[in-house]
Asker: 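Input: one structure, supplied below.
Small disclaimer: the values here were computed from a predicted structure and weren't measured. Labels below follow one simple rule: chain letters A, B, ... track the order of the sequence lines, proteins then strands, and each chain is numbered from 1.
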Amino acid sequence: MKKIAVLIEIRDGKLKLSNLGVCSAAHESGGECIAFLLEGNAADAAATLQEYGIEKVVEITTTHGAASWNPEVWAEAIIQAMVYYEIHALLGLASMQGKDLLARVAARLEAPLLMDCIAVNLARHTAKKSQFSGKAIAEFKTCGDYHVYGIRPNALTAVPAPCRAAVESFKASTGSPGLSVKNLQQGLADDIDLTEADVIISGGRGMENGDNFNLLHACAQTISAAVGASRAAVDAGWVSHALQVGQTGKTVSPKVYIACGISGSVQHFAGMKTAGIIIAINKDPHAAIMSKCDYAVCADLFDIVPALTRKLRKVAA
Amino acid sequence: MNIYVCVKHVPDTAATIRVGADYRIDEDITFIMNPYDENAVEEAVRLKKRMAGAEVIAVTLGKAAAEATLRSALAMGADRAILVRSDKHHDCITTAGALCAAIRQDGNPDLIFTGRESIDAEGFQTMYRMGVNLGIPVASNVIAFDMDGQRVSVISEMEAGEHACLEMTTPCIIGAGKGLNQPSYPKLPDILQARKKTITVIDEEQSGTHSSASRVETVNLEIASEERQPEALEGSAEEIADAIVGILRNEAKVLMNS
């Protein structure tokens, strides 16, 4: 039987929920699904992953120890595990970490790689992904001995498929890397990962200044939403580039995207057009986003956002 | 010191994409230098200014029209350029092979800069394949670059405010992120001067083709639909806020504890 590995991503010691959609994609192919875990607690991860069709969790450690993150060491360890477990198809998240790690694995294996897929068919080795800043959708077929796919976070739905997952360890013997990691600076604990969030509240030029983003943060906090921004707000210096959604920022697929004072350029849509529900709040009824959203609120965001924050506080209480 | 910059000639984001035969796009539209590659050229030129005797060479793989992007790189301060000319469609595997062959033929790279991704193919992998091809380390999404002798230190941007400080020795490959610098746009004298700089054109067939059993084939390419039928939410701020809470709770089901 064909075996498929899913590279699991952990953040702050916890399993990212977006891993589960990737597990479902692997499970749907009908092959044996193995999860590769490079950090975090394997027993805890297995308890969740076995609900989504994962039959084995392999805790990979390296000669350099388990905890020290080094993308070259990890890529080498993943390849050794793939060879040991006779795996020819590897799936992972197209997060920043996944983009780096999966590409290193594919390059070393000279395997075809499709990154940021929004649909995947492992039986046919095909996947769909966006092209030309999201303006087109391409379907590709990968040919070769190995196949690597990075899945856009939250693009695939997690479908429960309970089974029992065994936990194993695999120790890779890794050589000395050409890249050394001197320091890994963690984000603040209350930073919600934009690409992971169910709800994103984003601000654009209409926010008028950086201080006004506090209104969005206050609203987001009530429901553990993430705050995003358009390029206009980032270029104006109001918020950090880390918050930018769009072509030269992050690509997100939340369940709900609330755009406040964002005109909705092609570049911005490139980063959020796969959101489930788009709610646009804009004073200008002719802003592009008002005709490309699900709910259009033609009003002043400075009236709507504080009102929404008050309502959500009550709901959360 | 030889500093290579790999750039790509891509459709302007604002251009309307049409799909023609063989899943190729209608190329009668405006093309630009891939935006992330502008950061790569900028960083290479800044480094060159600090290093006596350094040369910046822009390299691209593409059709004859890609010369326009090489001219842009020359106007930004690159010294000369190489066009690996090919009319074929390339996947990331053959692209990396062709770029590496052209660089090898030209000289020994000390540094290779490129953008962290191209905005047309969105492949996120060419630089890593080049790293394996040339046997040198790669750091991507770089937002700060520093070099001391052969030692290169960079800051790579990870998720949500996470940064990694990475160290390598030359030769190595740097994938430029948007935050690396603010590209300075060329002035008229720079553009005029760029016209006099040399672009060496080599045929892809002559550059030593790289054959691989692995490849990516296009099965389909279609324009993404933007089907959303906006529904207007109207009323007082209170009423609209209630409506949004209703959407979050009932339609999106993201309010767990209510």
Asker: By a 4.5 Å heavy-atom criterion (distance strictly below it), what part of B:Leu166 contacts chain A: side chain, backbone, both, or neither?
Answerer: both

Asker: As an exercise: rank B:Ala14, B:Ser236, B:Ala224 by heavy-atom pairs under 4.5 Å with chain A and give me the winner.
Answerer: B:Ala224

Asker: Chain A heavy atoms under 4.5 Å from B:Gln229: which part of the residue, side chain, backbone, both or neither?
Answerer: backbone

Asker: Let me know if B:Ala213 has heavy atoms under 4.5 Å from chain A in its side chain, its backbone, both or neither.
Answerer: backbone

Asker: Any chance you could measure A:Leu301, atom CG, to A:Ile281, atom CD1, to the nearest 0.5 Å?
Answerer: 7.0 Å

Asker: Which bit of B:Leu248 is near chain A, if near means a heavy-atom gap under 4.5 Å: side chain, backbone, both or neither?
Answerer: side chain

Asker: Centre of A:Phe140's six-membered ring, under 6.0 Å away, within 45 degrees of the axis: is that where NZ or CZ of A:Lys129 sits?
Answerer: no

Asker: So what's closer than 4.5 Å to chain A heavy atoms on B:Val132: side chain, backbone, both or neither?
Answerer: side chain

Asker: Chain A heavy atoms under 4.5 Å from B:Val138: which part of the residue, side chain, backbone, both or neither?
Answerer: both

Asker: Tell me, for A:Ile278 versus chain B, whether the close heavy atoms (under 4.5 Å) come from the side chain, the backbone, both or neither.
Answerer: both

Asker: What part of B:Tyr36 gets closer than 4.5 Å to chain A, counting heavy atoms only: side chain, backbone, both or neither?
Answerer: side chain

Asker: Between B:Ile25 and chain A, with a heavy-atom cut-off of 4.5 Å, which part of the residue counts as in contact: side chain, backbone, both or neither?
Answerer: side chain

Asker: Specify which of B:Glu238, B:Gln125, B:Glu231 makes the most heavy-atom pairs with chain A at under 4.5 Å.
Answerer: B:Glu231

Asker: With only heavy atoms counted, which part of B:Ala121 is less than 4.5 Å from chain A, the side chain, the backbone, both or neither?
Answerer: both

Asker: With a 4.5 angstrom heavy-atom cut-off, is it the side chain or the backbone of A:Gln247 that approaches chain B, or both, or neither?
Answerer: both

Asker: Between B:Asn39 (side chain only) and B:Asn181 (backbone N and O only), is there a donor and an acceptor less than 3.5 Å apart?
Answerer: yes

Asker: Distance-only, no hydrogens or angles: does the B:Asp37 side chain make a donor-acceptor pair with backbone N or O of B:Gly115 under 3.5 Å?
Answerer: yes

Asker: I need the residue from A:Val266, A:Val234, A:Asn70, A:Val297 with the largest number of non-hydrogen atom pairs under 4.5 Å to chain B.
Answerer: A:Val297

Asker: Just so I understand: if I count every heavy-atom pair under 4.5 Å between each of B:Leu221, B:Thr13, B:Ile17 and chain A, which residue has the most?
Answerer: B:Thr13

Asker: Tell me whether B:Ser156 contacts the main-chain N or O of B:Ala139 through its side chain, where contact means a donor paired with an acceptor under 3.5 Å.
Answerer: no

Asker: Donor-acceptor check, side chain of A:Lys250 to backbone of A:Gly271, threshold 3.5 angstrom: yes or no?
Answerer: no

Asker: Check each atom of A:Val256 against the heavy atoms of chain B and say whether the ones under 4.5 Å are side chain, backbone, both or neither.
Answerer: side chain

Asker: Quick one: of B:Ala241, B:Cys165, B:Gly123, who has the most non-hydrogen atom pairs under 4.5 Å with chain A?
Answerer: B:Cys165

Asker: Report the option among A:Lys273, A:His125, A:Gln131, A:Gln97 that has the most heavy-atom pairs separated by less than 4.5 Å from atoms of chain B.
Answerer: A:Gln131

Asker: Donor-acceptor pair, B:Lys253 side chain versus B:Asn250 backbone, under 3.5 Å?
Answerer: yes

Asker: Report yes or no: does A:Thr309 contribute a side-chain atom to a donor-acceptor pair with the main-chain N or O of A:Val305 at less than 3.5 Å?
Answerer: yes

Asker: Considering only heavy atoms and a distance below 4.5 Å, find which of B:Arg129, B:Met130, B:Glu234 pairs most often with chain A.
Answerer: B:Arg129

Asker: Do any of residues 167-180 of chain B have a heavy atom less than 4.5 Å from a heavy atom of chain A, and if so, which, in residue order?
Answerer: B:Glu167, B:Met168, B:Lys178

